**Student:** 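Below: one structure in C-alpha cells.
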Amino acid sequence: MNEKCLYDKLIEYGSSGNYAFHMPGHKRNGTLLNGMDPFQVDITEIDGFDNLHHAQGIIKEAMDNASDYFGTDKTWFLVNGSSCGILAAISAVTDIGDTIVIGRNCHKAVYNAVLLRDLQVEYLYPEYIRAFGMNGGYNPKELEKIFAKNKKIKAVVLTSPTYDGIVSDIERIAEITHENGAILIVDEAHGAHFGISDKLPKAAYQMGADLVIESIHKTLPSLTQTALLHYKDQSLKNAEKSGNAVLPEKVEMYLGIYETSSPSYLFMASIDRCIRQLQTNGKVQMEKLLLNVDKFRGIVNNLKFIHIPGRELIGNHQVFDVDVTKLVIYVTPEVCNGKQLSDILRKQYHFEMEMESGKYVLGIATICDEEKEIFRLAESLAEIDKQFQKENQIKSMICKKEVEKENIHGQQRLENEPNKNKTILCMADYDFSLQKHKKSCSIYEAKKAPVHVVPLKESAGKVSGEFLYLYPPGIPLLVPGEIISPELLDQICYFAETKMNINGLTDKENKWIQVLKTDS
C-alpha cells in the first residue's frame, strides 16, 4: 500500500515547482481566492442558507446576480460540473426516442444523455484542420442538409469552443435551428470567460443559443466541478414553427435528478465569489492577460519548428472565431510529436500542460496566470526550437553522408541501423480526424445487447459494445452500435502504440475491445 494518501500526493505536486498551464482556472492562486477556508464554508441546508434545488433566498440572489452579469434570462449554479448541465438540458427538451443532432466531437456527457433518453442521432461533423491535426468548426450548410432530410429533429447539441479554442458560427447555426423549430444547446464548457473582453469571442447565448453550459472552473477562478447553465429565451424565433420552446421548470426538474441532493456550499460560494470578482475587476484582469498572450505569441511567432496558431485560422475550415487564451503549441512532426514535447516541457522546463495530442500540446492561460510564467514558457519554447534546429542539422548531415555512402557502395542503409524517427515521420501526414462510421443499431440498443471481448487487432467489421475515447477531452472515437472500420482500427492502434490515453479498451495494455456477441 502506498504510504502517502491522496492529500499528501496533491500537496507534493503543489510544491513540485511545476507551473500549471492546465485546469483549474484559478491555477492554485490563493491570493485571488482571498484565502477562502473550505472548512469554514462547508455547511448544509440549515435555516437561512437556502436550498439550491428550491432556491428562494441567498442562493437565488446569487444566481440572479449571475444572470444579471451574463445577461441571461436565467442562470443556474452547477456543482456536478458541466456534465449534469448537459444531461439536464437535453432531457428537458426531448422525449424518450426523439431525434437530435449532435456534433460528433461532443463530450461524452452528450452521448450519455443519448443513451439515457434512447435518442436517435444525426451527426454533424466538424471540419478537420489537417495541418495541425485538430478539429475546426461546423458547417452550417451541412446542418441545413440534415434538417432537409429529417423534419422530426427536436434539438441540436454542439460544442463551441472546442478544447483547442475553435469557435463555430453559432449565430447562423441558431438561425437554421430555430427556422426548423428545434432548440439549440451549446456546450461552451471551455468558454466561460467569453464576453469579458471585446477581444474574446461572444458567448453562445449572445449569438442565439437557447441553453448554454459553461465550466467556470476551466478558465476562471473557481473550484473544480463548478459550472453554469444559462437560459436565454429564444422562443419567439422558433415558436411559430412548432411551439417547441425551453421550459425552465423542466430544466430545474432534471437538474434535481442529475445533480446531487447535497450540493456543496463550498462550490456555490466559489461560483458566487468568482462572478463578483469578475464584476469588480474581471475586465481589467482579462485585458492584462490578453496583452500578455499577444506578447507571448509575438515571441514565438517566428520559430522554425514550433508554431502557435491563432486568429489566422479564422475564415478557413469553418473557423468563425478563435480563443487566443488557448495555447495550441504545434510542433513540426519531423522533429518531435506532442507527447515528446509535453515530456520535454515537464521534465526539463517544469511546465505541466493541459493535454498532448499527436501534433501539438495544449496550454490554458487564464487571468490567474503569473505574467513571468507566461513569458518563461515563451522563452523555453524558443530554446527548445533552437535545440531542434541543431538536432535537425546533425540529422541532415548524417543523412547526406548515408546517401553518399549508398551512392559509393551501391548499398541500402544497413538493416541493423535503427530508424529512430520512424514513428515521428509517420505522424507528419497522419489523420487525426473523427472517422465516419456505419451504424448497426442505436446506442441504447447496443448497451442492452450481450457483449464479449475480442483482440483489438481482430475487431474490424464487428459492432462496438462500448464507448472508446481519448481523455482528455472525452470525445468518443467510437460509440456503442457502430461498426469498427479498418480505418478506425488503424487509428486506434496508432493511438495505443504512441501511449495516448485511450479510455474504453478492456485492459491496461489496450489489446482487447468489447463488441456485440451477435457480430462475433
Side-chain angles (χ1 to χ4, degrees), residues 53 76 78 80-125 143 146-147 149-159 173 177-178 180-189 204 209-213 227 229-231 234-235 238 241-261 437 439-449 451 463-469 474-476 478-482 504 516:
H53 296 299
W76 290 275
L78 306 177
N80 280 46
S82 282
S83 294
C84 77
I86 289 170
L87 290 166
I90 294 174
S91 298
V93 302
T94 61
D95 293 319
I96 301 297
D98 276 346
T99 299
I100 68 171
V101 175
I102 71 173
R104 180 63 201 210
N105 60 331
C106 278
H107 186 266
K108 63 178 181 177
V110 175
Y111 290 86
N112 287 338
V114 168
L115 170 61
L116 291 171
R117 304 290 287 172
D118 188 15
L119 300 175
Q120 302 302 308
V121 174
E122 297 280 354
Y123 289 117
L124 182 62
Y125 281 78
L143 181 61
I146 293 173
F147 273 114
K149 293 178 181 177
N150 195 326
K151 302 298 182 184
K152 295 183 179 180
I153 294 167
K154 293 287 287 291
V156 176
V157 187
L158 302 177
T159 299
I173 288 169
T177 302
H178 294 145
N180 288 276
I183 298 296
L184 178 59
I185 300 170
V186 176
D187 176 359
E188 198 170 69
D210 302 274
L211 291 166
V212 178
I213 302 95
L229 172 54
H230 300 293
Y231 163 58
Q234 313 285 358
S235 58
N238 62 13
K241 293 284 182 180
S242 67
N244 191 19
V246 176
L247 299 177
E249 56 271 26
K250 273 193 98 171
V251 176
E252 290 183 350
M253 180 188 80
Y254 280 104
L255 283 174
I257 293 172
Y258 293 119
E259 197 164 25
T260 176
S261 60
H437 312 286
K439 186 171 70 172
S440 174
C441 60
S442 72
I443 295 174
Y444 182 78
E445 291 168 335
K447 293 303 289 183
K448 288 197 305 179
V451 297
V463 179
S464 174
E466 186 55 273
F467 289 98
L468 196 69
Y469 51 88
I475 297 170
L478 183 69
V479 304
E482 290 182 337
L516 302 195

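All figures in this text were calculated on a predicted structure; none of them were measured in a lab.
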**Student:** Which of parallel (below 30°), tilted (30 to 60°) and perpendicular (above 60°) describes Y111 and F467?
**Tutor:**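 Rings of Y111 and F467: perpendicular, over 60°.
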**Student:** Please examine the side chains of V246 and V93, heavy atoms only from C-beta on, and report whether any two atoms are closer than 4.5 Å.
**Tutor:**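 V93 vs V246: side chains touch.
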**Student:** How close do L255 and A88 get, heavy atom to heavy atom, and via which atoms?
**Tutor:**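 Between these two residues, the closest heavy atoms are CD2-CB, 3.6 Å.
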**Student:** Got a sec, which residues hit salt bridge (charged side-chain N to carboxylate O under 4.0 Å, His left out) with K154, two or more places apart in sequence or on another chain?
**Tutor:**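 Result, salt bridge (charged side-chain N to carboxylate O under 4.0 Å, His left out) vs K154: D95, D98.
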**Student:** Taking the inter-plane angle between the rings of Y254 and Y258 on a 0 to 90° scale, is it parallel (under 30°), tilted (30 to 60°) or perpendicular (over 60°)?
**Tutor:**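 If you compare the ring of Y254 with that of Y258, the planes turn out parallel.
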**Student:** Looking only at heavy atoms, which two atoms of L184 and T177 are closest? And how far apart?
**Tutor:**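 Of all heavy-atom pairs spanning L184 and T177, the closest is N-CG2, 3.9 Å.
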**Student:** Which heavy-atom pair separates L211 from A89 by the least distance, and what is that distance?
**Tutor:**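 The answer is CD1-CB, 3.8 Å.
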**Student:** Carefully, step by step, assess D118 and S442 under the rule side chain to side chain contact (heavy atoms under 4.5 Å, CB included).
**Tutor:** CA-CA 8 Å; D118 188 15; S442 72; 4.1 Å; yes
**Student:** To the closest 0.5 Å, what do you measure between CG (L516) and CD (E466)?
**Tutor:**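 That separation rounds to 11.0 Å.
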**Student:** Should H107 and S83 be marked as a side chain to side chain contact (heavy atoms under 4.5 Å, CB included) after you check the CA-CA gap, both sets of side-chain angles, and the distance that decides it?
**Tutor:** CA-CA 9 Å; H107 186 266; S83 294; 3.9 Å; yes
**Student:** At what distance, to the nearest 0.5 angstrom, does CD of E482 lie from OH of Y123?
**Tutor:**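 The OH atom of Y123 is 5.0 Å from CD of E482, to the nearest 0.5 Å.
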**Student:** How far apart are the C-alpha atoms of N180 and I153, what are their side-chain angles, what is the distance that settles it, and do they pass the side chain to side chain contact (heavy atoms under 4.5 Å, CB included) test?
**Tutor:** CA-CA 8 Å; N180 288 276; I153 294 167; over 6 Å; no
**Student:** Would you check if L119 and I102 make a side-chain contact, meaning some heavy-atom pair closer than 4.5 Å?
**Tutor:**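 No, side chains not in contact.
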**Student:** Let me confirm one number: the NZ-CD distance from K439 to E445, rounded to the nearest 0.5 Å.
**Tutor:**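 Going from NZ on K439 over to CD on E445, the span is 8.5 Å.
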**Student:** Looking at CG of L158 and SG of C106, how far apart are the two atoms once the value is rounded to the nearest 0.5 Å?
**Tutor:**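 It comes to 6.0 Å.
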**Student:** How close do H53 and T260 get, heavy atom to heavy atom, and via which atoms?
**Tutor:**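 Answer, listing the atom of H53 first, then T260: NE2-O, 2.8 Å.
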**Student:** Just by modelled atom types, is the I90 backbone N or O under 3.5 Å from a matching donor or acceptor in the R117 side chain?
**Tutor:**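 Not a single qualifying donor-acceptor pair exists.
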**Student:** To the nearest 0.5 angstrom, please state how far the OG atom of S82 sits from the CG atom of L87.
**Tutor:**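 The distance works out to 10.5 Å.
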**Student:** Taking all atoms of both residues into account, what is the closest heavy-atom pair of L143 and L124, and its distance?
**Tutor:**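 In this case the closest contact between L143 and L124 is N-CD1, 3.8 Å.
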**Student:** Given the rule in the side chain to side chain contact (heavy atoms under 4.5 Å, CB included) test, do I213 and I185 qualify, once you have shown the distances and angles that lead to the verdict?
**Tutor:** CA-CA 8 Å; I213 302 95; I185 300 170; 3.7 Å; yes
**Student:** For residues P476 and Y469, report the shortest heavy-atom separation together with the two atoms involved.
**Tutor:**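 Taking every non-hydrogen atom into account, CA-CB, 3.5 Å.
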**Student:** Measure the CD-NE2 distance between E188 and H230 for me, rounded to the nearest 0.5 Å.
**Tutor:**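 Rounded to the nearest 0.5 Å, the CD-NE2 separation comes out at 7.5 Å.
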